[in-house]
Amino acid sequence: MSRRILVTNALPYANGQLHIGHVLEHIQTDIWVRFQQLRGRRCVSICGDDTHGTSIMIRARQEGIREEDLVAGMRQAHMADLAGFEVEYDNYGSTNSPETRQCCEEIWTALRRAGMVSEQEVTQLYDAQAGTFLADRFVKGTCPNPECHSPNQYGDSCDKCGRHYNATDLIDPVSTLSGSQPEIRTARHLFVNIEKLHAFLETWTQQGGHLQPEVANYLKGHFLGEPLHDWDVSRPAPYFGFEIPDSPGNFWYVWFDAPIGYMGSTKEWCQRRGEDFDAWWRSLETELHHFIGKDITYFHTLFWPAMLHVGGFSLPTKVHIHGFLTVNGEKMSKSKGTFIRASTYLEHLEPSYLRYYYASKLSSGVEDLDLNFDDFIGKVNSDLVGKVVNIASRTARFVEKTGLAAQLEDGRELFDKTAAAGEEIAAAYETGDYSRAMRLVMAAADEANQFVEHQAPWTLRQDPQKLQSVCTAGLNLFRQLAVYLAPVLPRLARQTGELLGDPIVSWQQSQTPLLGSAVKKFAHMMQRVDPKKVEAMIAASAEPAEAESPSAAASPDSDAPLKAEPLAETISFDEFSKVDLRVARVLAAEDVAGAQKLLKLRLSLGGQHERTVFAGIKGVYQPEELVGRLVICAANLAPRKMKFGLSEGMIVAAGGQGSGEIYLLAPDSGAKPGQRVH
RNA sequence: GGGCUCGUAGCUCAGUGGUUAGAGCAGGGGACUCAUAAUCCCUUGGUCGUAGGUUCGACUCCUACCGAGCCUACCA
């Protein structure tokens, strides 16, 4: 009996345009789906937009439109981008649909019935002016870390010093929505007591091959080794989402309904196609495969199976988790032009290039994948144009008039060999090891080129029958490759079908030669990648701000540090003079065992006045080189108790955060310990 | 600090116990000229991160360390 498979791709968030990192996942999914369909399986692919949450609500407000309109517009843009990359879904839905709401209610009811919902008080910052609670990313303030005190930090953690804290700990918090000072308010939230399913999750994650081994290990070590925390699944109004039926004024948190959106989207498809929903989501006969990025592992491997289990739905057969995309070896960067939108790519380059490149580098593991443009150009040009398409290009013209021979005589052996390789290639696709599949196909392409070379059809004008025989073999070898590549390169498969008058619809077509068929006039199937277009794409992606402005070019110093850390708000002289900075001499400096960045300093402010200060400069300054030198110390800072002792001040230093650059300030010679800095 | 992944030729990567470690690209030499300066043949190039260990035998297993990335905690 043929397998029945339901495949999902993570739902893109409706808050932004797709970029080439999103595209990686969609292509990975699309290749797998097309492969299954080519193999004759019943394989349905489901996606849609993830539409709820504070971000969407805020953005809609900013643009002065309804959330529904914002979300609808973004969905159209996402669908257009995906279509541009030849990514096809059987249904592209939205979490903001009646179908998703219905599924949410069903699972919620089951959670209630299982006694897995509890209420707890949650204290959060509240913006009275905007009338909403503030998610961490909507509040900014000064980092509460006394050693840091960086302004303009988000409510969850400081990107300067890396400390994590509660938004309520921020100094001088400001709502980014209204600019007003938020107040602290308490609200009742609903929690799912996932710990009750600990044993179930332990078994499900560790057995049955549902997860890649490294993912199973990760969960075991990080979450399953101790009781699972209750999961906060509600947000008080106003919130763009679904109101919880039995808890008026509370809405399901976006991550509650996001995966349920897979079901809602399936339901839409079922209604349109007259399919039975339960046959897809409550049937042991149906495989369920999720493709996601490693950033959302947690939601898909713990909460999601738990919700499905409680709701009586099918559990995922496998969660396929991939790594992140880097470009030219680094995180995508707006200033370097490597943060490339899907639509920008499509304006400059063919989707086939990226589909093939990604396929050639994807494995079944969770490793990150690097898109290196030199490599990209080389690989696409030599593999696809130089090798694969070239086989057709050098044989088709000779048989335009005669068509394919009635028998496969020459090349029979190689044809059989290539046909036999099909199973190995299929196995590689099946496990998600596309790079292996591509290697195998390219090896076959090399042999096909050798065959053509040795038969030298261009020397056979005097022997039309032999010429036709050789080219029939060459084109059949090419057709085999086109079948094997069809999941990755659907356009090439279509072109091949047209060339030979026989559409490629099944993997099985690689096993039998096509004979007696007419051959159309050969036209180029794929253009080489033009490096200039790659450059143009990168230039078009670079942030306009980074495009050189005349004044920036004239200045000897880059304005990058200032951009990285914008000026703080204006303060009065009185406020400035509250900070008492003093010249101090380093009496002693030592490593703090166990600390990653800390040195323990003993400072003298003159006479008997000494201070112990911890400074995050380990690895940048050696303790020996500090002893005796003068530094500037914030001397009236409240002492701070730290893991390694009490810190009685702070020494000031300049630096680009995160870059490891730290430069201690020093007074010019002549300054004496204890002197104040005015 | 804990965890995961990775470290093999200039580049991108195969290779998970067994003969002298492979491919593609790039480089060098030659051939062909059908083909999108594509192709074919030959060729240069690696102490498989380091150091130990297990084994008759290790790139492959174990331990430690070094380096890169990510996650997580703590801390700055």
Side-chain angles (χ1 to χ4, degrees), chain A residues 143 145-148 150 158 160-165 212-223 225 293-295 297-298 321 323-324 326 329-331 357 360-361 363 365-372 374-398 428 433 435-436 438-440 442-443 445-461 467 470-471 474 522-530 592-600 613-619 640-645 647 650 657 662:
Chain A
C143 172
N145 171 8
E147 298 288 322
C148 176
S150 296
C158 173
K160 301 296 176 194
C161 71
R163 166 178 284 200
H164 294 261
Y165 41 73
Q212 288 128 301
E214 60 266 44
V215 176
N217 278 340
Y218 160 74
L219 295 173
K220 191 175 185 176
H222 278 234
F223 300 105
K294 65 183 182 184
D295 51 331
T297 297
Y298 179 64
I321 302 177
F324 293 146
T326 56
E330 301 177 334
K331 254 205 236 181
Y357 187 76
S360 78
K361 302 201 71 161
S363 73
V366 284
E367 300 100 56
D368 291 349
L369 186 158
D370 185 48
L371 166 55
N372 176 288
D374 291 336
D375 188 38
F376 170 83
I377 294 166
K379 200 175 280 258
V380 170
N381 287 348
S382 72
D383 288 0
L384 295 184
V385 182
K387 280 181 190 171
V388 177
V389 172
N390 187 45
I391 299 162
S393 180
R394 64 196 308 203
T395 52
R397 286 184 174 88
F398 295 114
D433 200 352
S435 60
R436 175 172 165 78
M438 294 307 101
R439 277 198 308 281
L440 292 167
M442 290 310 138
D446 282 337
E447 292 194 276
N449 265 313
Q450 287 164 27
F451 170 81
V452 174
E453 189 78 21
H454 294 146
Q455 297 298 323
W458 52 94
T459 63
L460 299 173
R461 290 178 213 280
L467 177 63
V470 165
C471 292
F522 183 82
H524 283 176
M525 293 176 155
M526 193 178 291
Q527 298 302 316
R528 311 177 76 76
V529 181
D530 181 351
V592 178
Q596 285 180 23
K597 296 182 185 170
L598 284 184
L599 291 185
K600 182 179 181 180
V613 169
F614 289 86
I617 54 174
K618 185 176 188 169
R640 173 86 176 183
K641 188 169 183 323
M642 295 164 52
K643 182 176 176 183
F644 307 103
S647 187
M650 189 172 154
Q657 278 299 332
I662 298 176

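So you know, we letter chains A, B, ... as the sequences are listed, proteins then strands, and number each from 1. Below, each value reflects all heavy atoms present in this structure, side chains not excepted, and no hydrogens, waters or symmetry copies. In this text, all values refer to a predicted model and were calculated from it rather than measured experimentally.
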Gap in Å between the two [atom1] atoms, one belonging to [N] and one to [M], rounded:
N	M	atom1	value
B:rG53	B:rA58	C1'	12 Å
B:rG18	B:rU55	C1'	12 Å
B:rG7	B:rU54	C1'	23 Å
B:rU19	B:rC61	P	16 Å
B:rA26	B:rU12	C1'	11 Å
B:rA38	B:rG24	C1'	16 Å
B:rG17	B:rA73	C1'	38 Å
B:rG49	B:rC59	P	10 Å

Relative to the 5' end of RNA chain B, which residue comes earlier, A:Gln527 or A:Lys294, by the nucleotide with the nearest heavy atom? A:Gln527

How do A:Arg436 and A:Arg461 order along RNA chain B: which one's closest nucleotide is nearer the 5' end? A:Arg436

So which nucleotide from [options] ends up closest to the side chain of [X]?
X	options	value
A:Asp368	B:rA35, B:rG69, B:rU12	B:rG69
A:Asn390	B:rA38, B:rC13, B:rU36	B:rA38
A:Trp458	B:rC32, B:rU12, B:rC25	B:rC32
A:Phe398	B:rC75, B:rA35, B:rC34	B:rC34
A:Asp446	B:rC13, B:rG24, B:rU36	B:rG24
A:Arg394	B:rU39, B:rU5, B:rG24	B:rU39
A:Phe324	B:rU36, B:rC70, B:rC40	B:rC70

Indicate, with a heavy-atom threshold strictly under 4.0 Å, whether [X] touches base, sugar-phosphate, or nothing.
X	answer
A:Arg528	base
A:Val389	base
A:Gly378	nothing

I need the [atom1]-[atom2] distance between [X] and [N], as an integer number of Å.
X	N	atom1	atom2	value
A:Asp295	B:rC71	CG	P	9 Å
A:Asp375	B:rC11	CG	P	12 Å
A:Glu447	B:rC40	CD	C1'	14 Å
A:Lys387	B:rC40	NZ	C1'	13 Å
A:Leu219	B:rC4	CG	C1'	11 Å
A:Asn381	B:rC25	CG	P	12 Å
A:Asn449	B:rA38	CG	P	13 Å
A:Asp370	B:rG7	CG	C1'	15 Å

Side chain proximity check, [X] to [Y], heavy atoms < 4.5 angstrom:
X	Y	answer
A:Leu467	A:Gln455	no
A:Asp295	A:Phe324	yes
A:Val380	A:Arg528	no

With Watson-Crick and G-U wobble geometry limited to distances under 3.5 Å, how should the secondary structure of RNA chain B be encoded in dot-bracket form, using | for bases paired to another strand and [ ] for crossing pairs? ((((((((.[[[[.)..(...]]]].(((((.......))))).....[[[[[..)....]]]]])))))))....

Evaluate A:Val388 against A:Met525 for side-chain contact (heavy atoms from CB on, under 4.5 Å), listing each step before the verdict. CA-CA 10 Å; A:Val388 177; A:Met525 293 176 155; over 6 Å; no

Here the gap from A:Asp374 atom CG to A:Lys379 atom NZ, rounded to the nearest 0.5 Å, amounts to 13.0 Å

From CG (A:Leu369) to OG (A:Ser360), nearest 0.5 Å: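 One gets 8.0 Å once the value is rounded to the nearest 0.5 Å.
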
Sequence neighbours excluded, the answer for side chain to side chain donor-acceptor pair (under 3.5 Å) partners of A:Lys361 is A:Tyr357

Exercise: identify the closest heavy-atom pair between A:Phe451 and A:Gly474: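 For A:Phe451 versus A:Gly474, the nearest heavy atoms are CE2-N, 4.1 Å.
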
Derivation and outcome, side-chain contact (heavy atoms from CB on, under 4.5 Å), residues A:Asn390 and A:Lys387: CA-CA 5 Å; A:Asn390 187 45; A:Lys387 280 181 190 171; 6.0 Å; no

A:Gln450 side chain near B:rC41 phosphate (N/O to OP1/OP2, under 4.0 Å): yes

Distance check: side-chain N/O of A:Arg397 vs OP1/OP2 of B:rU36, anything under 4.0 Å?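 Yes, within the criterion.
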
